Amino acid sequence: MDKGSSGGERWKGAIANITEMASNLDSLHKLLIKKAVFVDEDTFAKASLTSEQARTIKVLEQRVDTLERELDAAISAAARARAEKRQAEAAQKAAELRQQEITRELENTTKVFELHMEELRAKQDEISKRDNEIKLLEAIIQTLGGKELHSTSG
């Protein structure tokens, strides 16, 4: 009977385990019925597609945000470039005006220099003319003085 009694206890334990498992399965079944939603394949495929589209939309929204930040940065850079261009144009205009002013100043200086040169040439001509007159007078004086010397000595 030793064999029978130990075998019977094992059967009792196995039956108790099976009973407990059945109870657990029943509890799990009740929980699934309350909480779980069963859908057909078509509904599941649509839900999966919707889920994938939602992930795609999220990625695209992040990309739009990134592109908006890049656009804002590009707009700011363009505004800075326009401001720098205006400054460069203003500097160029100022340089051109200064160049025109210097050119006028040089032209005026050239005209004044030309007038001075003409005046100097006129004075040189006058000096040369008077020098020639002096030489002529000296020659006349020498000629007259030579005649007087000849007259008084002869």
Side-chain angles (χ1 to χ4, degrees), residues 1-140:
M1 268 217 164
D2 283 325
K3 279 187 180 180
S5 67
S6 76
E9 285 180 30
R10 284 175 52 187
W11 277 110
K12 282 182 187 180
I15 290 173
N17 284 341
I18 290 174
T19 305
E20 189 178 335
M21 282 173 42
S23 174
N24 288 341
L25 281 173
D26 188 45
S27 295
L28 183 59
H29 183 262
K30 287 178 184 175
L31 180 66
L32 285 174
I33 287 174
K34 287 180 184 176
K35 302 283 182 175
V37 176
F38 294 96
V39 292
D40 60 14
E41 284 186 36
D42 188 42
T43 305
F44 180 76
K46 289 178 182 175
S48 294
L49 178 62
T50 302
S51 175
E52 181 63 30
Q53 288 173 343
R55 283 191 294 275
T56 302
I57 287 170
K58 186 174 182 178
V59 168
L60 291 174
E61 284 175 344
Q62 291 172 345
R63 180 68 180 143
V64 165
D65 289 342
T66 301
L67 290 173
E68 284 176 344
R69 286 191 299 275
E70 289 176 8
L71 178 62
D72 289 343
I75 289 170
S76 296
R80 282 192 303 275
R82 280 192 300 275
E84 290 172 4
K85 180 184 175 195
R86 282 192 296 274
Q87 287 176 343
E89 287 172 346
Q92 180 180 0
K93 181 118 178 149
E96 288 172 356
L97 290 173
R98 180 69 179 135
Q99 180 264 334
Q100 290 172 357
E101 181 182 319
I102 289 172
T103 300
R104 277 192 302 272
E105 200 173 303
L106 283 172
E107 287 170 352
N108 290 339
T109 303
T110 301
K111 287 177 185 175
V112 169
F113 179 76
E114 287 172 352
L115 289 174
H116 285 300
M117 283 299 295
E118 286 177 25
E119 189 177 327
L120 183 61
R121 283 190 191 112
K123 289 193 186 242
Q124 283 179 333
D125 289 345
E126 189 178 323
I127 290 171
S128 180
K129 185 177 173 185
R130 288 193 180 177
D131 197 31
N132 287 337
E133 288 175 0
I134 290 172
K135 287 181 183 175
L136 180 64
L137 289 173
E138 284 178 345
I140 291 172

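These values consider heavy atoms only, across backbone and side chains, with no hydrogens, waters or symmetry-generated copies. Since the structure is predicted, the reported quantities are computational estimates derived from the model, not experimental observations.
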*Scan residues 77-101 for pairs that pass salt bridge (Lys or Arg N to Asp or Glu O under 4.0 Å), counting only residues two or more places apart or in two chains.*
K85-E89, R98-E101
*Roughly how far, to the nearest 0.5 Å, is CG of L71 from OG of S76?*
9.5 Å
*CG of D65 to CZ of R69: how many Å apart, nearest 0.5 Å?*
6.0 Å
*Rounded distance (nearest 0.5 Å) linking atom CD of E138 with atom CG of D131*: 8.5 Å
*Sequence neighbours excluded, which residues qualify as side-chain hydrogen bond (donor to acceptor under 3.5 Å, both in side chains) partners of Q99?*
T103
*asked:* Measuring only between side-chain heavy atoms, which start at C-beta, is K111 closer than 4.5 Å to L115?
replied: no
*Exam field: side chain S23 to backbone T19, donor-acceptor pair closer than 3.5 Å*: no
*How far does CG of L137 sit from CZ of R130, to the nearest 0.5 angstrom?*
12.0 Å
*asked:* I need the D125 CG to L120 CG distance, nearest 0.5 Å.
replied: 9.5 Å
*Any donor and acceptor pair, going by atom type alone, linking the side chain of S128 with main-chain N or O of Q124 inside 3.5 Å?*
no
*Any chance you could measure Q53, atom CD, to T56, atom OG1, to the nearest 0.5 Å?*
7.5 Å
